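Chain letters run A, B, ... following the sequence lines, proteins first and then strands; every chain starts at 1. Keep in mind it's a predicted model, so treat the numbers as computed, not measured. Every heavy atom of this structure was used, including side-chain atoms; hydrogens, water molecules and symmetry mates were not.
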Number of protein chains: 2
Amino acid sequence: MARSGAEPIRRAAIVKATIQEIGRAGSLDVTVAQIAARAGVSAALAHHYFGSKEAIFVAAFRHVLIVYGAEVRGALALASTPRERLEAVVRASFSPSSFRRDTISAWLNFYVLAQTMPEARRLLSIYHRRLRSNLCHALRPLVGARAGRVADGIGALIDGVYLRQALSPAAPDRAAATALVLDHVSREIDA
Amino acid sequence: MARSGAEPIRRAAIVKATIQEIGRAGSLDVTVAQIAARAGVSAALAHHYFGSKEAIFVAAFRHVLIVYGAEVRGALALASTPRERLEAVVRASFSPSSFRRDTISAWLNFYVLAQTMPEARRLLSIYHRRLRSNLCHALRPLVGARAGRVADGIGALIDGVYLRQALSPAAPDRAAATALVLDHVSREIDA
DNA sequence: AATGATTGATTGATGCGTCAATCAAGAACC
DNA sequence: GGTTCTTGATTGACGCATCAATCAATCATT
């Protein structure tokens, strides 16, 4: 079965399998063989398309960021007031496509990966800057010069909720997570 | 007996070396040989005392929790009002003995370990329960029934600050971290 | 036939855990 | 006070398993 144009399908399957496998294992201790098996291909093919295990991880990470970025952009497009923009960013952070068991576990492990792999760190830094920029933009009209500090608090809180969800045996509760962060936001801007 | 009483010294050295080595590597991908070398002993001796690599990790984790627990207890002993107790818990979380580069990195990696190792998960759950209990006890007189939710927010924020510090190339800034969390606390209880 | 897709087999490296052997500091005994 | 016995401390070497990466061969499509 050497269908022409299989490459993008295979790549996508391998990326998806990587996230699922990291989620299942709860760590980066997954073999290329396991990833490939879940994607329905051989380990050799994974190497053929990505070149190395590191590259597979980076591609998976990038995919998570792309999905999240799209979610944020979509939500922001519907917001008109600063307050709505704030809500949009927070809600996007806990959207069904991102706040999922395997993706949450992958996030946590990408934080670890970022400590070792410059490319992973770079990607994570980009995410941080984007988030901070989005939050600051929405916060400036509401809290003025405090925007920077408030954005840092919101960012840390979102990350913390993710971290704790990774440990919890319970299924992710989007509503509760969103409410917790939005409550914090309210208190920061209403005072 | 040869060099009577070497065991506790060796155990402590190996535990300390484990934390440092995890901090250096930024991941759990450290070999027993590396840990042992840093501790100034052979890999075989580490196995002799701990039995397995997993057990070494657990001992290191337990040590981090013990140090942190002592810090909290010490700070709480000096506090008399609920407000002071809150501050004590937060300040202890960012005390110099816990909010250090290698320990922060170890924390992050223990979160990952907890996803795989039941014993690590158990220890982390104990820490979470203790923190929540301490916070709730101090919060109840201040915010009544909201104590539980407020404690969850503070806990997530502390974890988030740790997570972000793990990624930051800058040296840990205790003052800034403490201020950020205490500011959040103020807004939660003053409203 | 040519080209891309795909894989099984292989390899080289790495690391955990084990084991037999050695070392050194006391204890027991004369 | 010296000799021998005992026992914990300590290690080097190695077996065994695992895994990333490579390669040559096969298969399907055009």
I'd like to check the side chain to side chain contact (heavy atoms under 4.5 Å, CB included) partners of Leu167(A); sequence neighbours left out, ordered by chain and number.
Tyr111(B), Ala114(B), Leu124(B), His128(B)

Choosing from [options], which nucleotide comes nearest the side chain of [X]?
X	options	answer
His47(A)	dT22(D), dA9(D), dC16(C)	dT22(D)
Ala44(A)	dT7(C), dA20(D), dG17(C)	dT7(C)
Val32(A)	dG17(C), dT6(C), dA20(D)	dA20(D)
Ser52(B)	dG17(C), dT11(D), dA21(D)	dG17(C)

Can you tell me how far [atom2] of [N] sits from [atom1] of [X], to the nearest Å?
X	N	atom1	atom2	value
His48(B)	dA20(C)	NE2	C1'	14 Å
Ile9(A)	dT6(C)	CD1	P	9 Å
Asp29(B)	dC16(C)	CG	C1'	13 Å
Ile14(A)	dA20(D)	CD1	C1'	15 Å
Ile35(B)	dT14(C)	CD1	P	18 Å
Leu45(B)	dG12(D)	CG	P	11 Å
Gln34(A)	dA21(D)	CD	C1'	17 Å
Lys53(A)	dT18(D)	NZ	P	14 Å

Is Arg10(B) positioned over the aromatic face of Tyr49(B), cation under 6.0 angstrom from the ring centre and no more than 45 degrees off axis?
no

With Val112(A), the side chain to side chain contact (heavy atoms under 4.5 Å, CB included) member among Leu28(B), Asp29(B), Val112(B)
Val112(B)

Answer with base, sugar-phosphate or nothing: what part of the nucleic acid does Thr31(B) contact at a heavy-atom distance below 4.0 Å?
sugar-phosphate

At under 4.0 Å between heavy atoms, what does Tyr49(A) touch on the DNA or RNA strands: base, sugar-phosphate, or nothing?
sugar-phosphate

Flag the pair Phe99(B) / Trp107(B) as yes when their ring centroid distance falls below 6.0 Å, and as no otherwise.
no

Do Tyr68(B) and Tyr127(B) have ring centres separated by under 6.0 Å?
yes

Strictly below 4.0 Å: does Arg10(B) bring a side-chain N or O up to OP1 or OP2 of dG8(D)?
no

